[in-house]
Enquirer: 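Below is a structure I'd like to ask you about.
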Amino acid sequence: MKQILSFRRPAFVALSCLFAFTLSAAKPVKTLLITGQNNHNWQVSHVVIKQILENSGLFSVDFAVSPEKGKDMSGFILDFSSYQLVILDYNGDAWPEETNRRFLSFVENGGGVVVYHAADNAFSGWEAYNKIIALGGWEGRNEKSGPYVYWQNGRLVKDSSPGVGGSHGKQHTYVLNGRDMSHPITKGLPLKWLHGKDELYDRMRGPGDIANLLYTAYSDKETGGSGREEPLLFTVNYGKARIFHTMLGHAGATVEDNPAMQCAGFQVTLLRGAEWAATGKVKQKVPKDFPAETTASDRKQYK
Ligand SMILES: [Zn+2]
């Protein structure tokens, strides 16, 4: 009897340790969000992205806010070493060379990256950055930046015809069309879903090395678009890096008036893309409030 008791007690302790280990393994993903300059309302977007990520319980988000446009950037030296994930919400003056070098080293050593909306406007002359985003727009981009990349006749085509890189028609609601529903980011999500009122980026150009094309949308000429099926959510092939690019989520006037980012589809794909970029897996369940093809769905409180 004594022997059995003395056997059971250590077994119970071992189980408790296992439980504690499981809890500590679910520590939030340490995330650095870079912002501070943008031709967009970054004052809204960076706060909202932090809310979306932290409300999920899966991430903790720090900000790296750059000096204002035109001010001295030499002190904007970032330390990526304690982060698993970097979110790019920046479109502005060049970072110091040291920050560029550290960012590339972070990416090349397997750090996760989320490219969010107008971050793909940034740094049109920085070759490595353009490989990381795969497709970009504006800031002088043209045929020298790389081909147009779009979905046509059931496949992704690269079109090197001349012309501007990057435009969009008027904001409207539109349907996202799934192109790879077996990727961890998209698995279990609907093939088609209605996005909240947003810009639809079109005619983007760049090296275009898309690894997994996840969703496209039709950019209708009626709304000022390209008449093409444009890639809007995808992962990027860049060494061993895990990069998720979402062109959705044009920031609104205020945190409360922000239809593109208040869309549950934007938030859930951002969360799944961020988890995959950081860990290579997606453990989040598909929520019941995800939009359907004809039914939009909002999370106005970002949770
Ligand atoms: Zn925008």
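Remember, it's 1-based here, ligands and their atoms both numbered in the order they're listed. Just so we're clear, the structure is a prediction, and the values are computed from it rather than from any experiment.
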Enquirer: Return yes if some donor-acceptor pair links the side-chain N/O of E229 with the main-chain N/O of Q152 below 3.5 Å, else return no.
Expert: no
Enquirer: May I ask you to determine how many protein N/O/S atoms are under 2.8 Å from the Zn ion (ligand 1)?
Expert: 4
Enquirer: Is the centre of the W95 ring less than 6.0 Å from the centre of the F123 ring?
Expert: yes
Enquirer: H245 and ring pair (Phe, Tyr, Trp, His ring centres under 6.0 Å): which partner among Y116, Y215, F234?
Expert: F234
Enquirer: How long is the straight-line distance from CD1 of I87 back to NZ of K50, given to the nearest 0.5 Å?
Expert: 11.0 Å
Enquirer: Assess the residue pair T235 and I185 against the criterion (side chain to side chain contact (heavy atoms under 4.5 Å, CB included)); give the C-alpha distance rounded to whole Å, side-chain angles, the decisive distance to 0.1 Å, and a yes or no.
Expert: CA-CA 10 Å; T235 68; I185 297 172; 4.0 Å; yes
Enquirer: Scan for ring-ring contact (aromatic ring centres under 6.0 Å, His included) pairs involving residues 272-294, sequence neighbours excluded, and state none if there are none.
Expert: H183-W276, W193-F290
